[in-house]
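This report concerns only the one structure given below.
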Amino acid sequence: MSSTPFRARVLATVRRIPPGRVATYGDVAAAAGSPRASRAVGNIMRDCRSAAVPCHRVIAAGGQLGGYGGNLQMKRELLRAEGIIVAGNRVREFTARRWKAPGRPRQSNVNPR
DNA sequence: CTGCTGACTGGTA
DNA sequence: GTACCAGCCAGCA
């Protein structure tokens, strides 16, 4: 399945997204180990046809829906079914619904950002 | 190895 | 608000 470890990490992260929440390609990429690989994540999502991976919960930055093969409408409906309000091509309260992967707890964090 | 593509992102006009 | 450009990364021919 996962021909590459990166793809495995991405799929694992997406799989961990709880219902009712959404994550951006950048967030998934960051959780996978490359915060700039948003494009690569999109490519992986495109190949994701497994129901085990809620690729519809992965959206673009700013709360934009992004893409979904040729069935963007289905993506909107799926999000709506999970309680996510979608207006046009945007998610309402995107910041509040945005889910972030659990970072690894390490004892040192003097300067998080 | 080189080159192109793309479910991205941010900035500029 | 929309349109276009450049940068970035992973996968594949």
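All values below were derived from every heavy atom in this structure, side-chain atoms included, with hydrogens, water molecules and symmetry-related copies excluded. Proteins get letters first, then strands, A, B, ... in listed order; numbering begins at 1 in each.
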From dA10(C), dC12(C), dA7(B), nucleotide with atom closest to F6(A) side chain: dA10(C)

side-chain contact (heavy atoms from CB on, under 4.5 Å) evaluation trace for N89(A) with Q64(A): CA-CA 6 Å; N89(A) 280 33; Q64(A) 294 182 186; 5.8 Å; no

Sub-4.5 Å side-chain heavy-atom contact between V91(A) and R98(A): no

Contact check, side chains of R16(A) and W99(A), non-hydrogen atoms, under 4.5 Å: yes

Sugar-phosphate only, base, or nothing, as touched by A37(A) at under 4.0 Å among non-hydrogen atoms: sugar-phosphate

Minimum side-chain heavy-atom gap V22(A)-H56(A) below 4.5 Å: no

Any K75(A) side-chain heavy atom under 4.5 Å of N71(A) side chain: no

Non-neighbouring partners of E82(A) that pass salt bridge (Lys or Arg N to Asp or Glu O under 4.0 Å), sequence neighbours left out: R57(A)

Candidate nucleotides dT9(B), dG11(C), dA10(C), ranked by approach to the side chain of R7(A) - the nearest: dG11(C)

V10(A)/M45(A) under side-chain contact (heavy atoms from CB on, under 4.5 Å): CA gap, chis, key distance, verdict: CA-CA 9 Å; V10(A) 172; M45(A) 295 286 97; 3.9 Å; yes

Check: I44(A) and D47(A) side chains under 4.5 Å, non-hydrogen atoms: no

Stems formed with participation of DNA chain C [Watson-Crick or G-U wobble, under 3.5 Å, three or more pairs]: B:2-6 with C:9-13, B:8-13 with C:2-7

S50(A) (side chain) donor-acceptor with V53(A) (main chain) under 3.5 angstrom: no

Protein-nucleotide distance (I17(A), atom CD1; dA7(B), atom C1'), rounded to Å: 14 Å

side-chain N/O T4(A) vs dG11(C) OP1/OP2, d < 4.0 Å: yes

Nearest-Å distance for atom pair OH/P, residues Y25(A) and dA10(C): 17 Å

Point-to-point distance, once rounded to the nearest 0.5 Å, from CD1 of I17(A) to SG of C55(A): 9.5 Å

For DNA chain B, the residues among residues 42-60 of chain A that have a non-hydrogen atom under 4.0 Å from it: G42(A), N43(A), M45(A), R46(A), C55(A), A60(A)

Test side-chain contact (heavy atoms from CB on, under 4.5 Å) applied to L79(A) and L65(A), step by step: CA-CA 10 Å; L79(A) 292 172; L65(A) 294 185; 3.9 Å; yes

Nucleotide dA10(C), atom C1' - distance to CG of L11(A) in whole Å: 13 Å

Rounded distance in Å - CG (D27(A)) to C1' (dT9(B)): 12 Å

Under the salt bridge (Lys or Arg N to Asp or Glu O under 4.0 Å) test, residues paired with R21(A) that sit two or more places apart: none

Main-chain N/O of D27(A) paired with T24(A) side-chain donor or acceptor, under 3.5 Å: yes

Protein proximity profile, nucleotides 1-8 of chain C - base contact B, sugar-phosphate-only contact S, no contact -, cut-off 4.0 Å on heavy atoms: ------BB

Considering only nitrogen or oxygen atoms on both sides, find all protein atoms under 3.5 Å from nucleotides 10-13 of chain B and state each distance.
none

